Amino acid sequence: MNLSDDTRCVLFGEYIANNKATVRACAKQFGISKSTVHKDVSVKLKKVNPGLYKQVKEVLEINKSERHIRGGQATRLKYLNAHKV
């Protein structure tokens, strides 16, 4: 992906805000590392587009508060599928 840093962070921010996506989902969608996505939306986006940054921050806070639930569900499915084999 050959976009400027400003364009890239806005693109990632819009994707996360519009889709209520996680950083991992955004990284997978664009083929970028999750570290790059996180840095772009948490540091660079704040300087480039403060309004969008606030929207993204809200989504990321929700994702952060729910991550233990998603992790538990993933583990549950892992063991359910392991016993089916």
Side-chain angles (χ1 to χ4, degrees):
M1 180 178 290
N2 294 328
L3 300 172
S4 72
D5 286 350
D6 293 349
T7 305
R8 189 177 66 196
C9 69
V10 170
L11 180 66
F12 294 162
E14 288 175 347
Y15 180 80
I16 290 173
N18 292 336
N19 297 304
K20 307 285 188 234
T22 62
V23 171
R24 284 179 186 246
C26 183
K28 188 174 182 179
Q29 174 70 27
F30 292 102
I32 301 284
S33 74
K34 61 185 179 172
S35 300
T36 302
V37 173
H38 190 269
K39 179 83 169 187
D40 282 355
V41 299
S42 63
V43 177
K44 295 177 185 176
L45 188 60
K46 189 174 188 177
K47 297 173 186 169
V48 175
N49 190 336
L52 181 58
Y53 169 77
K54 288 180 184 178
Q55 292 176 354
V56 170
K57 186 176 176 185
E58 289 175 10
V59 173
L60 294 181
E61 287 297 322
I62 291 168
N63 290 340
K64 186 176 179 182
S65 70
E66 294 174 347
R67 71 180 170 194
H68 67 283
I69 296 169
R70 285 192 304 274
Q73 290 171 339
T75 303
R76 180 176 177 268
L77 290 175
K78 174 184 171 183
Y79 286 107
L80 284 175
N81 289 332
H83 291 296
K84 288 182 182 178
V85 174

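All of these numbers come straight from a predicted model, not from anything done at the bench. Heavy-atom basis, side chains included; hydrogens, waters and symmetry copies ignored. For reference, positions follow the sequence shown, starting with 1.
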Visitor: Ignoring hydrogens and angles, write down the donor-acceptor pairs under 3.5 Å from the side chains of residues 50-60, residues two or more places apart or on other chains.
Guide:
none

Visitor: Heavy atoms only: give me the nearest T7-S4 pair and the separation to one decimal.
Guide: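 Looks like OG1-OG, 2.9 Å.
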Visitor: Sequence neighbours left out, cut at 3.5 Å: what donor-acceptor pairs do the side chains of residues 36-43 make with other protein atoms?
Guide:
{"unit_1": "T36", "atom_1": "OG1", "unit_2": "S33", "atom_2": "OG", "d": "2.8"}
{"unit_1": "D40", "atom_1": "OD1", "unit_2": "R8", "atom_2": "NH2", "d": "3.3"}
{"unit_1": "D40", "atom_1": "OD1", "unit_2": "K44", "atom_2": "NZ", "d": "3.4"}
{"unit_1": "D40", "atom_1": "OD2", "unit_2": "R8", "atom_2": "NE", "d": "2.6"}
{"unit_1": "D40", "atom_1": "OD2", "unit_2": "R8", "atom_2": "NH2", "d": "3.2"}
{"unit_1": "S42", "atom_1": "OG", "unit_2": "H38", "atom_2": "O", "d": "2.5"}

Visitor: Residues in side chain to side chain contact (heavy atoms under 4.5 Å, CB included) with K34, at least two apart?
Guide: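 Partners of K34 by the side chain to side chain contact (heavy atoms under 4.5 Å, CB included) criterion, ordered by chain and then number, come out as V23, R24, A27.
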Visitor: In the structure I gave you, are the side-chain heavy atoms of L45 and F12 within less than 4.5 Å of one another anywhere?
Guide: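 No; the side chains remain at least 4.5 Å from each other.
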Visitor: Would you mind listing every side chain to side chain donor-acceptor pair (under 3.5 Å) that reaches into residues 11-22, with sequence neighbours excluded?
Guide: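 Non-adjacent pairs meeting side chain to side chain donor-acceptor pair (under 3.5 Å): zero.
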